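Written out below as structure tokens is the structure these notes cover.
No experiment lies behind these values; they were computed from the predicted model shown. Residue numbering restarts at 1 for every chain, and letters A, B, ... go by the order of the sequence lines.
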2 protein chains.
Amino acid sequence: MSLEHAILVSLLEQPASGYELARRFDRSIGRFWTATHQQIYRVLKQLAEDDRITGEEIGQESLPDKKLWSVTPTGRAALVGWLHAPVRPEAVRHELAVKIRGAAFDDAAGRALLVAEVERYRADHETVLAGYLAGERRDFGSAAPDARAALQHVVLRGGIAYERMVLAWLDDVLATLRDLDPERPPA
Amino acid sequence: MSLEHAILVSLLEQPASGYELARRFDRSIGRFWTATHQQIYRVLKQLAEDDRITGEEIGQESLPDKKLWSVTPTGRAALVGWLHAPVRPEAVRHELAVKIRGAAFDDAAGRALLVAEVERYRADHETVLAGYLAGERRDFGSAAPDARAALQHVVLRGGIAYERMVLAWLDDVLATLRDLDPERPPA
DNA sequence: TTGCACATGTAAAATGTTACATGATTAT
DNA sequence: ATAATCATGTAACATTTTACATGTGCAA
């Protein structure tokens, strides 16, 4: 389980409530680790029981109270130990690749539906890439980054490289699918 | 759940026993969908109960009996229906990215350990890429591919593009990590 | 005789997803 | 009024991972 480690990193970068963490997992952290608020609350509970984080009750005017979680020295030591442990090979699960190989068992009309679906999927990735590039301009424009910014930036560059690779590959996929059924009338 | 669909595609390409499927998920299919034999046997059971596959008992000399599974017309129809359904956004979970951002909370000595780990991880990906390229030369060297080969090939090209992107990014990561601790004595 | 490849499973634990549940404030 | 944001959880279900379990034949 790396969700606990992802949460520790995020809390070290900036203490937060469960709700704020969930927001981050929808944005910046979600680039490389997704989680829902249900998972986050469960893991926060465990981390607090093990004294790896501590929560401070914060009363807010005109907003519900929240618990602001911070990493303890114990938690920080646990994270650092984990950093040096072997990285496991990623468990690849690419649904679209399954569909593409499955298209061999479909007919031309069915494959046309798949082409439409791939185009929609491609548009989603264009949007994600645009968001990454906007974030890069916003957060990493100026010079002289500290260690934290340099590391956040290299992770973001990884996301950008991934999205560009996906877009190029999807163009390859679309060309391949269209080559299978060439005699499509223009009207 | 796409594992059932990945299994249907694989069985349509070539009927197989559970054991043989597990082997394929270690190799070619594992490029885009991983599964262990425990998962595979469980899903085969379900698929058989729903009449989407049928098993034929095969007695083998000097080897244990096996069940050879094939996709039924019902199973094929179910797969084709799924092909046209929306592709869900992938749930990204990249452990290494978490570690890299976590490195901001480690010291130079600890980061040196992470560098070593990234180098090992990079070597693994070099091996995977070499395997893909060898497979490409072996399976897709000659001309005039049919639909099935063309689709398998474009998926493999996706794997190749992914590995190349990862290797380039890991070089970026290594350069970034080394820039953080520049005054390392050569002896 | 030790280990690997073949062959198929069960069980328990950990994780992840989806749905349900509540309640205040702010903006339209 | 209605929806969105803030804020925190529980419960049920699905899926994945890890460990356990068994047995044959062949090669070093």
Short heteroatom pairs, N/O only, protein and nucleotides 18-21 of chain D, under 3.5 Å:
from, atom 1, to, atom 2, distance (Å)
dT18(D), OP1, R88(A), NH1, 3.0
dA19(D), N6, Q38(B), NE2, 2.8

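Side-chain contacts under 4.5 Å among hydrophobic residues (ILVMFWY), followed directly or transitively, place V80(A) with no other residue at all. Apart from L167(A) itself, the hydrophobic cluster it occupies contains V128(A), L129(A), Y132(A), L133(A), F140(A), L156(A), I160(A), where clustering links Ile, Leu, Val, Met, Phe, Trp and Tyr at side-chain heavy-atom distances under 4.5 Å. Side-chain contacts under 4.5 Å among hydrophobic residues (ILVMFWY), followed directly or transitively, place L68(B) together with I58(B).
Under the side-chain hydrogen bond (donor to acceptor under 3.5 Å, both in side chains) criterion, Q38(B) pairs with T36(B), sequence neighbours left out. Here W69(B) pairs with nothing under the ring-ring contact (aromatic ring centres under 6.0 Å, His included) rule; sequence neighbours left out. Under the side chain to side chain contact (heavy atoms under 4.5 Å, CB included) criterion, Y19(B) pairs with S17(B), R23(B), Y41(B), sequence neighbours left out. Under the salt bridge (Lys or Arg N to Asp or Glu O under 4.0 Å) criterion, R24(B) pairs with no residue, sequence neighbours left out.
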Contacts table for residues 108-116 of chain A: side-chain donor-acceptor under 3.5 angstrom, sequence neighbours left out:
from, atom 1, to, atom 2, distance (Å)
R111(A), NE, D181(A), OD2, 3.1
R111(A), NH1, A103(A), O, 3.0
R111(A), NH1, D106(A), O, 3.2
R111(A), NH2, D181(A), OD1, 2.9

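Axis angle across the helix from dT1(C)-dA28(D) to dT28(C)-dA1(D), with five pairs used at each end and values rounded to 10°: 30°.
For the OP1/OP2 pair of dT8(C) and a distance below 4.0 Å, the side-chain nitrogens and oxygens of K45(B) include no atom meeting the criterion. Residue Y41(B) places no side-chain N or O under 4.0 Å from the OP1 or OP2 atom of dG9(C). Between K66(B) and dG9(C) there is no side-chain polar atom (N or O) within less than 4.0 angstrom of OP1 or OP2. In this structure, S17(A) does not reach the dC6(D) phosphate: none of its side-chain N or O atoms is under 4.0 Å from OP1 or OP2.
Ion pairing between a basic and an acidic side chain is recognised when a charged N comes within 4.0 Å of a carboxylate O; D146(A) and R148(A) show no such pairing. A salt bridge links E20(A) to K66(A): at least one charged side-chain nitrogen sits closer than 4.0 Å to a carboxylate oxygen.
Using a 4.0 Å cutoff on non-hydrogen atoms, no part of residues 6-16 of chain A comes near DNA chain D.
Annotation: ring pair (Phe, Tyr, Trp, His ring centres under 6.0 Å) contacts involving residues 95-114 of chain B, sequence neighbours excluded, are absent.
In this entry the distance linking CZ of R23(B) with P of dC4(C) reads 14 Å, nearest Å. Distance, R24(B) CZ to dC6(C) P: 13 Å, rounded to whole Å. For the pair L68(A) CG and dC6(D) P, the computed distance is 15 Å after rounding to whole Å. Straight-line distance from the CD1 atom of I40(A) to the P atom of dT10(D): 15 Å, rounded to whole Å. Summarising the geometry, the separation between OH on Y19(A) and P on dA24(C) is reported as 16 Å, rounded to the nearest angstrom. Between Q46(A) atom CD and dA14(C) atom C1' there is a gap of 9 Å when expressed in whole angstrom units.
The residue among E20(B) and R93(B) whose nearest nucleotide of DNA chain C is located toward the 5' end is E20(B). Ranked by how close their nearest DNA chain C nucleotide is to the 5' end, R42(B) and L3(A) are led by R42(B).
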